[in-house]
Asker: 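Could you have a look at this structure, given as structure tokens, before my questions?
Heavy atoms only: backbone and side chains are in, while hydrogens, waters and symmetry mates are out. For ligands, and for the atoms within them, numbers begin at 1 and follow the listed sequence.
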Amino acid sequence: MEKWEDILSRVADGARLSSEDALTLWHDAPLWRLAEVAVEKKRSISDDKVFYNKNFHIEPTNVCLFNCKFCSYRRPRGSAEAWDYSIEEMEAKVRSFVGKGATEMHIVGGVHPDHTIEFYYELIRRVKAILPEAAVKAYTAIELSYMIRKAGLSVRDGLQMLIDAGMEAIPGGGAEIFDEEIRKQICPDKGSTQEWFEVHRTAHELGLKTNATMLYGHIESVEHRIDHLMRLRELQDVTGGFNAFIPLKYRNYGNPMSEIGEVPIVDDLRTLAMSRLILDNVPHIKAYWVMYGKQTTEMALSFGADDVDGTIEDSTKIYSMAGADDQRPTMRVEEMHAMVERAGFRAVERDTHYNEIG
Ligand code: V47
């Protein structure tokens with residue numbers, strides 16, 4: 001078997017990792033060497049830049065048809081902690097952001113059994129009318145697949161309808177872990193891996209850029225993580241439609257899998273570096289600061305990440321309810337710049353499509 005040193009020097013010279021190579025590196029290579037090569041790769045794409053945007057989330061509801069065991073967010077309909085905002089309520093929220101420079105509205109929530117594609121169409125249309133300068137990055141592939149199937153449309157026609165309303169990109173959520181056996185254990189009734197890929201493939205064919213995530217640090221093995229990354233690399237070879245990959249660390253507070261605990265930070269850093277090395281065709285690797293916390297995010301920049309997500313403005317509850325450090329997540333622009341500069345890089349504001357701003 002080839003040694004990690006040889007594999008890493010081949011990768012540094014531009015070779016592609018096989019699953020077997022990736023497994024050897026994951027288990028044997030020292031973290032500092034993975035970091036070194038991952039940062040070299042990052043620099044060859046984005047030089048000394050680390051991207052962020054001015055964004056906020058809209059989370060229409062936490063009522064959800066599915067019962068994912070890692071979810072701390074879902075509440076049954078009628079529970080005192082459930083919410084299900086009307087379009088008017090969401091419009092009011094968007095109005096509070098007028099004049100504040102946001103360039104992206106990230107809309108994602110539970111799969112509410114009653115909402116139709118018309119509701120989601122109308123939501124996009126109306127928030128876009130209030131803040132036309134902000135791109136709508138909306139709905140996970142799981143939400144999309146459900147609303148489109150329920151409407152009796154093909155994935156292509158359903159996506160086209162939402163594009164016509166103003167949807168410009170699709171976030172990476174709902175990917176969880178693609179291995180069907182693990183998926184069955186952590187989210188047995190959720191939309192399948194195949195559905196997730198069908199939505200993203202079709203979106204790419206329609207010219208939309210999308211993101212991809214991976215939920216790691218629960219019951220999956222390193223082999224499952226590698227398999228997940230390889231499946232993404234394979235689609236990216238065909239479509240080129242992924243903008244960013246976001247590894248999501250399982251946070252264990254307040255959900256049915258809590259007893260599993262959380263993986264150590266060194267595992268987060270290794271996962272980031274390996275993601276950068278395996279996904280040689282995905283331009284951006286995002287260290288989502290809301291999920292890691294600000295300190296780990298700063299470290300993550302030395303392991304191949306070139307994006308930290310956005311200012312957020314205390315608008316998402318998915319991670320605060322799962323035990324993240326920031327219970328009201330907000331990052332000011334000055335704070336973002338200071339964090340990135342401390343890590344030795346240059347903070348650059350971007351829009352949803354990675355055009356640089358300012
Ligand atoms: O799919 C839910 C994850 C995702 C937990 O595309 C959890 O730019 C950890 O996809 N511990 C939704 N993770 C969030 C998401 C996302 C976030 C930021 C940026 C982008 C982007 C996408 O959150 C879900 C699931 O994988 N999740 N619960 C938990 N307890």
Side-chain angles (χ1 to χ4, degrees), residues 51-53 55-59 62 64 66-74 103-111 135-145 167-178 182-183 186-187 190-191 193 195-196 199-200 203 208-220 228 232 241-263 268 271 282 284-293 297 305 307-312 315-325 329 331 350-354:
F51 297 103
Y52 70 94
N53 68 357
N55 66 348
F56 63 91
H57 287 221
I58 302 172
E59 298 181 345
N62 65 345
C64 189
F66 302 123
N67 222 326
C68 302
K69 295 196 177 137
F70 53 79
C71 184
S72 313
Y73 175 83
R74 171 189 193 271
T103 61
E104 180 179 281
M105 301 182 258
H106 180 150
I107 313 180
V108 59
V111 179
V136 171
K137 182 174 81 178
Y139 314 133
T140 66
I142 303 303
E143 292 171 277
L144 289 164
S145 177
M167 178 172 80
E168 277 184 44
I170 296 179
E176 319 317 356
I177 201 86
F178 293 140
I182 300 293
R183 201 173 178 88
I186 64 169
C187 46
K190 188 176 198 139
T193 295
E195 280 175 66
W196 191 94
V199 169
H200 283 265
L208 279 187
K209 291 287 188 182
T210 75
N211 290 340
T213 57
M214 170 176 74
L215 179 71
Y216 70 92
H218 42 88
I219 59 167
E220 88 295 353
H228 190 99
L232 290 173
F242 289 120
N243 254 344
F245 172 71
I246 308 133
L248 294 172
K249 174 197 185 97
Y250 166 64
R251 306 295 314 245
N252 80 328
Y253 179 79
N255 60 58
M257 304 199 316
S258 285
E259 76 288 351
I260 288 174
E262 292 182 0
V263 292
D268 301 325
T271 303
V282 175
H284 305 291
I285 304 290
K286 188 187 282 188
Y288 182 39
W289 72 262
V290 178
M291 179 261 310
Y292 286 135
T297 302
D307 192 305
V308 292
D309 204 80
T311 47
I312 300 286
S315 57
T316 174
K317 289 200 167 58
I318 298 178
Y319 284 93
S320 48
M321 289 170 80
D325 309 356
M331 177 110 72
R350 63 159 175 91
D351 68 11
T352 298
H353 309 291
Y354 287 84

Asker: To check your reading of the model: name the closest protein heavy atom to atom 30 (N) of ligand 1, its residue, and the distance in Å.
Answerer: F70 O, 2.8 Å
Asker: I'd like to check which ligand 1 atoms, numbered from 1 as shown, lie under 4.0 Å from a non-hydrogen atom of H106.
Answerer: 19 (C), 20 (C), 21 (C), 22 (C)
Asker: Has R183 got a side-chain atom pairing as donor or acceptor with G191's backbone, closer than 3.5 angstrom?
Answerer: yes
Asker: Hey, can you tell me if Y288 and Y319 have their rings parallel, tilted or perpendicular (30° and 60° cut-offs)?
Answerer: perpendicular
Asker: Do F66 and R74 have side chains that approach each other closer than 4.5 Å (heavy atoms only, starting at C-beta)?
Answerer: no
Asker: Check this for me - ligand 1, L248, N or O atoms closer than 3.5 angstrom, yes or no?
Answerer: no
Asker: Report the part of Y288 (side chain from C-beta onward, or backbone N, CA, C, O) that has a heavy atom under 4.0 Å from ligand 1; answer both or neither where that applies.
Answerer: side chain
Asker: Does a side-chain heavy-atom distance below 4.5 Å link M105 with V136?
Answerer: yes
Asker: With a cut-off of 4.0 Å, which atoms of ligand 1 are near a heavy atom of I246?
Answerer: 6 (O), 8 (O), 20 (C), 21 (C)
Asker: Please list, in number order, the atoms of ligand 1 under 4.0 Å from a heavy atom of G174.
Answerer: 1 (O)
Asker: Starting from atom 11 (N) of ligand 1, what is the nearest protein heavy atom, named by residue and atom, and what distance separates them?
Answerer: R251 N, 2.9 Å
Asker: Examine distances only and state if a side-chain atom of N252 and a backbone atom of S258 form a donor-acceptor pair shorter than 3.5 Å.
Answerer: yes
Asker: Which residue and atom name correspond to the protein heavy atom nearest atom 3 (C) of ligand 1, and how close is it?
Answerer: Y319 OH, 3.3 Å
Asker: Under 3.5 Å between some N or O of ligand 1 and some N or O of E176?
Answerer: yes
Asker: Report, in ascending order of atom number, the atoms of ligand 1 lying under 4.0 Å from any heavy atom of G173.
Answerer: 1 (O), 10 (O)
Asker: Closest approach of D325 and R251, non-hydrogen atoms and distance?
Answerer: OD1-NH2, 3.9 Å
Asker: What atoms in ligand 1 come closer than 4.0 Å to a heavy atom of P171?
Answerer: 6 (O)
Asker: Answer side chain, backbone, both or neither: which part of V290 comes under 4.0 Å from ligand 1, heavy atoms only.
Answerer: neither
Asker: So does M257 get a backbone contact from the side chain of Y250, meaning a donor-acceptor N/O pair under 3.5 Å?
Answerer: yes
Asker: Looking only at protein heavy atoms, identify the closest one to atom 9 (C) of ligand 1 and say how far it is in Å.
Answerer: K249 O, 3.0 Å
Asker: Using only atom types and a distance under 3.5 Å, with no angle test, would you say the side chain of W289 pairs donor to acceptor with the backbone of T311?
Answerer: no
Asker: Please list the nearest protein heavy atom to atom 6 (O) of ligand 1 with its residue and the distance rounded to 0.1 Å.
Answerer: G172 N, 2.8 Å
Asker: Are any of the N/O atoms on K137, whether in the backbone or the side chain, positioned under 3.5 angstrom from an N/O atom of ligand 1?
Answerer: yes
Asker: Is it true that M257 lies under 4.0 Å from ligand 1, counting heavy atoms only?
Answerer: no
Asker: Has M321 got any heavy atom lying under 4.0 angstrom from an atom of ligand 1?
Answerer: no
Asker: Around K317, counting heavy atoms of other residues, nucleotides and ligands shown, do more than 12 lie under 6.0 Å from its NZ?
Answerer: no
Asker: Examine T213 against ligand 1 and note whether any of their N/O atoms are separated by less than 3.5 Å.
Answerer: no
Asker: Between T213 (side chain only) and I246 (backbone N and O only), is there a donor and an acceptor less than 3.5 Å apart?
Answerer: no
Asker: Only heavy atoms of K286, strictly under 4.0 Å: list the atoms of ligand 1 that pass.
Answerer: 8 (O), 21 (C)
Asker: Please work out whether any backbone atom (N, CA, C, O) or any side-chain heavy atom from C-beta onward of T140 is under 4.0 Å from ligand 1, and answer side chain, backbone, both or neither.
Answerer: neither
Asker: Considering the heavy atoms of N211, write down every atom of ligand 1 situated less than 4.0 Å from one of them.
Answerer: 6 (O), 8 (O), 21 (C)
Asker: Are the side chains of Y216 and D268 in touch, meaning some heavy atoms are under 4.5 Å apart?
Answerer: yes
Asker: Hey, is V108 touching ligand 1 through its side chain, its backbone, both or neither, going by heavy atoms under 4.0 Å?
Answerer: neither
Asker: I want to know whether F70 and H218 have ring centres closer than 6.0 Å.
Answerer: no
Asker: What's the shortest heavy-atom distance between D309 and N55, and which atoms?
Answerer: OD2-ND2, 3.0 Å
Asker: In ligand 1, which numbered atoms sit nearer than 4.0 Å to a non-hydrogen atom of A322?
Answerer: 30 (N)
Asker: Contact between F245 and M214 at the side-chain level, heavy atoms closer than 4.5 Å - yes or no?
Answerer: yes
Asker: Is A175 close to ligand 1, meaning an N/O of one under 3.5 Å from an N/O of the other?
Answerer: no
Asker: Parallel, tilted or perpendicular: which fits the ring planes of W196 and F242, with parallel below 30° and perpendicular above 60°?
Answerer: parallel
Asker: Would you say I318 and ligand 1 have an N/O pair spaced under 3.5 Å apart?
Answerer: no
